[in-house]
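Working notes for the structure below.
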Amino acid sequence: MTIRIPLTLPENSYEILIAPGCLKQIGTEISSLKIGKKVLVVSNPEIFSHYGETVLTSLESAGFEPSTHLIPAGEAYKTLDSISKIYDTALDYRLERSSAMLALGGGVIGDMTGFAAATWLRGINFVQVPTSLLAMVDASIGGKTGVNHPDGKNLIGAFYQPRLVLLDPDVLKTLPDREFKAGMAEIIKYGVIWDKELFQQLESAPDISDYDSIDPGLLQTIITKSCQAKADVVSKDEKEAGLRAILNYGHTIAHAVESQTGYTSINHGEAVAMGMVAAGKLAVKLGMWTQEEATRQENLIAKAGLETSLPLLDTQSVLHTLTTDKKVKDGKVRFILPTEIGAVTISDAVTPELIKEILETDI
Ligand code: GLY
């Protein structure tokens with residue numbers, strides 16, 4: 001079944017297309033955008049070995065002249081140096097204003113390709129084809145693009161919306177199990193912050209822990225509901241002036257976990273899962289959320305095969321990381337806290353003492 005979710009913005013609205021097998025239709029879909037013939041496909045070698053040929057063939061059949069730029073996989077390559085290399089290829093192939101860059105990969109490829117597209121010739125067409133569950137439901141939607149600075153993740157970037165996001169759930173069959181679970185953490189997040197029914201569907205499903213065990217129909221439904229949640233939020237607050245911050249539920253502690261553990265042993269989704277459990281505990285301690293619902297959240301995270309406890313962290317360093325996070329406002333750490341399943345609030349009531357308590361007593 002083909003689903004098209006509109007993401008409506010004052011300027012640059014676009015569609016999120018979700019359909020198993022739609023990678024083969026990519027050329028036709030891009031044709032409807034009325035862009036020039038040149039399309040630079042940016043990917044990493046592994047993803048490209050699985051899906052590159054399908055994408056290039058589909059583009060060629062639709063009359064496009066695709067070229068390719070590959071970047072080694074991994075966060076370590078999410079740098080300005082990699083962007084510079086994309087520009088070199090763009091120059092070699094003489095990409096024009098009417099041309100497009102197409103990101104075929106996970107969040108790292110999507111963020112970098114978006115930033116290169118935003119800046120090449122002051123902005124050319126950009127298409128997102130996410131291949132990880134996490135990129136499908138989060139990173140590919142909403143126009144956050146950028147790279148890391150040696151001193152911090154995503155410090156350099158731009159809001160730049162794609163012309164189209166094309167999701168083919170079939171590509172998840174080659175995604176490692178661990179990354180599938182990481183994406184499921186963000187799906188659970190949408191259930192807690194926005195969509196109670198999504199949460200309940202995940203709760204009542206027999207198994208959500210990996211691609212082979214989850215019902216394919218349910219997988220498409222939960223991807224669709226997550227994309228719809230993200231589209232709803234972004235369309236109300238494109239540049240994160242307010243509401244969009246709720247998408248960072250679980251991310252405040254998650255960023256501290258990631259930075260303390262060196263971004264390697266614990267991946268982003270795993271850190272978000274732990275961060276959501278910690279935020280849930282904070283909300284319960286502040287009397288904002290019931291213990292019963294916090295337990296339901298924790299059980300669902302465990303059901304997805306994700307760790308719910310924080311690793312042992314250095315409290316002082318965590319507090320330092322939290323107060324220097326780019327989302328800190330007027331020196332206050334703002335937490336997104338659940339008030340009921342399907343609803344959150346933005347709070348600055350969390351004190352350093354309370355954070356210390358969560359870090360030191362609840363592991
Ligand atoms: N990943 C959070 C956002 O797109 O705002």
Side-chain angles (χ1 to χ4, degrees), residues 5-10 12-14 16 75 78 103 105-115 117-118 126 128 130-148 152-162 164-165 167 179 182-195 198 222-223 225-259 263 267-276 279 325-329 333-338 344-346:
I5 299 174
L7 201 162
T8 312
L9 295 168
N12 311 318
S13 298
Y14 54 98
I16 303 156
E75 191 79 27
K78 196 176 167 183
V108 172
I109 290 292
D111 284 9
M112 280 202 286
T113 310
F115 187 64
F126 170 41
Q128 283 272 26
T131 56
S132 73
L133 187 56
L134 199 132
M136 285 184 185
V137 297
D138 185 17
S140 67
I141 306 165
K144 282 190 180 176
T145 73
V147 293
N148 299 332
K153 276 185 77 175
N154 298 325
L155 289 182
I156 305 156
F159 283 102
Y160 193 67
Q161 300 295 342
L164 171 72
V165 182
L167 266 70
E179 286 191 44
M184 195 55 76
E186 296 280 357
I187 292 178
I188 294 172
K189 178 192 80 177
Y190 291 115
V192 179
I193 67 168
W194 198 255
D195 187 341
L198 167 61
I222 63 175
I223 291 174
K225 279 177 167 280
S226 300
C227 292
Q228 184 67 62
K230 178 124 192 199
D232 287 348
V233 172
V234 171
S235 64
K236 289 188 171 72
D237 177 22
E238 182 182 0
K239 303 270 171 76
E240 203 165 318
L243 178 73
R244 186 164 176 166
I246 70 168
L247 299 174
N248 297 320
Y249 173 54
H251 285 56
T252 311
I253 297 277
H255 289 155
V257 169
E258 288 178 282
S259 94
Y263 297 98
N267 70 30
H268 181 66
E270 290 163 349
V272 168
M274 295 169 188
M276 291 193 290
D325 191 278
K326 69 177 180 298
K327 305 223 165 57
V328 168
K329 200 174 170 193
V333 183
R334 288 179 311 154
F335 270 84
I336 318 301
L337 299 178
V344 282
T345 186
I346 304 175

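All ligand and atom numbering here is 1-based and tracks the order in the structure.
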Task: Chi angles and distances behind the side chain to side chain donor-acceptor pair (under 3.5 Å) call for His251, Glu258 - done: CA-CA 10 Å; His251 285 56; Glu258 288 178 282; over 6 Å; no
Task: Minimum heavy-atom distance Glu179-Ser132, with the two atoms named - done: OE1-CB, 4.2 Å
TODO: Could you find the nearest protein heavy atom to atom 5 (O) of ligand 1 and give me its residue, atom name and distance?
DONE: Arg244 NE, 2.7 Å
Task: Sub-4.0 Å heavy-atom contact, His251 with ligand 1 - done: no
Open item on the list: If I take atom CG from residue Asn248 and atom CZ from residue Phe335, how far apart are they, to the nearest 0.5 angstrom?
Closed with: 11.5 Å
TODO: Starting from atom 4 (O) of ligand 1, find the nearest protein heavy-atom neighbour and note its residue, name and distance.
DONE: Lys230 NZ, 2.5 Å
- [ ] Using a 4.0 Å heavy-atom threshold (strictly under), name the region of Asp138 that reaches ligand 1: side chain, backbone, both or neither.
- [x] side chain
- [ ] Measure the shortest side-chain to side-chain distance between Ile222 and Val137 over non-hydrogen atoms and say whether it is less than 4.5 angstrom.
- [x] no
Open item on the list: The test is side chain to side chain donor-acceptor pair (under 3.5 Å); show your working for Glu75 and Asn148 and say whether it passes.
Closed with: CA-CA 8 Å; Glu75 191 79 27; Asn148 299 332; 2.8 Å; yes
TODO: Would you mind listing which atoms of ligand 1 come within a distance below 4.0 Å of any non-hydrogen atom of Leu247?
DONE: 2 (C), 3 (C), 5 (O)
Task: For Lys144, atoms of ligand 1 separated by under 4.0 Å from a heavy atom - done: 2 (C), 3 (C), 4 (O), 5 (O)
